[in-house]
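Structure, as structure tokens:
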Amino acid sequence: QVHLVESGGGLVQAGGSLRLSCAASGRSFSTYVISWFRQAPGKEREFVAAIGTTGSTTTYAGFVKGRFTISRDNAGNTLYLQMNSLNPADTAGYYCAAGLLRILDSRASSYDYWGQGTQVTVSS
């Protein structure tokens, strides 16, 4: 099993940046594909980004448009999401998720373990 805890959310002005972290505990963190999802009030959870087990492969949702960077530190059991050029549409709860996957899957149903989320609010 993997236990995930997100941090780094907060209130930021449009155009600003935040760096989210996801600390993992448990065994074999490096064997999991890890992703970020987000969910705004009244909306479905949506995929943001995913990273492969070694960190050498990544994929992003179209709305990211080069603004976000996902990375991982397997030695430190931590996942990151660097978010730049934030806008109010990025306001949501952000969740990290882990799964024993062979692909960088964008479907939330493919992931077995989830964190509790961290809130990101972008003011205009």
Hydrophobic cluster membership, with links at side-chain heavy-atom distances under 4.5 Å among I/L/V/M/F/W/Y: are [X] and [Y] in one?
X	Y	answer
Leu11	Val120	no
Phe47	Phe63	no
Leu104	Tyr60	no
Leu81	Trp114	no
Val2	Ile51	yes

Of all the heavy-atom pairs spanning [X] and [Y], show the shortest one and how long it is.
X	Y	result
Ala14	Ser124	CB-CA, 4.3 Å
Thr118	Gly8	OG1-N, 4.1 Å
Val64	Val48	CG2-O, 3.7 Å
Ala50	Ser35	CB-OG, 3.0 Å

Quick one: pull up [atom1] in [X] and [atom2] in [Y] and give me the separation to the nearest 0.5 Å.
X	Y	atom1	atom2	value
Cys96	Leu20	SG	CG	9.5 Å
Ser30	Asn74	OG	CG	5.0 Å
Thr91	Gln119	OG1	CD	7.5 Å
Thr53	Leu101	OG1	CG	10.5 Å
Ile70	Thr57	CD1	OG1	10.0 Å
Leu79	Asp73	CG	CG	10.5 Å

Side-chain contact, heavy-atom cut-off 4.5 Å: Val33 with Arg102? no

Spell out, as yes or no, whether a donor-acceptor pair under 3.5 Å connects the side chain of Thr78 to the backbone of Gly76. yes

Establish, for the pair [X] and [Y], whether the NZ or CZ atom is under 6.0 angstrom from the six-membered ring centre and no further than 45 degrees off its axis.
X	Y	answer
Arg19	Tyr80	yes
Arg45	Tyr95	yes
Arg72	Tyr32	no

Can you list the steps and then say if Leu18 with Gln82 is a side chain to side chain contact (heavy atoms under 4.5 Å, CB included)? CA-CA 6 Å; Leu18 281 175; Gln82 177 66 43; over 6 Å; no

I would like to know whether Asp90 and Met83 meet side chain to side chain contact (heavy atoms under 4.5 Å, CB included); could you show each step before the answer? CA-CA 10 Å; Asp90 295 316; Met83 304 188 296; over 6 Å; no

Please tell me whether Ser17 and Asn84 have a donor and an acceptor in their side chains that are separated by less than 3.5 angstrom. yes

Is a donor from one side chain sitting under 3.5 angstrom from an acceptor on the other, for Ser110 and Asp105? yes

Within a radius of less than 6.0 Å around CD of Gln13, do more than 12 heavy atoms belonging to other residues, nucleotides or ligands occur? no

Between Phe37 and Tyr111, is the gap from one ring center to the other below 6.0 Å? yes

Check for me whether the distance between the ring centres of Trp36 and Phe68 falls short of 6.0 Å. no

Paired with Tyr94, the side-chain hydrogen bond (donor to acceptor under 3.5 Å, both in side chains) test is passed by just one of Glu6, Gln39, Arg38, namely Arg38

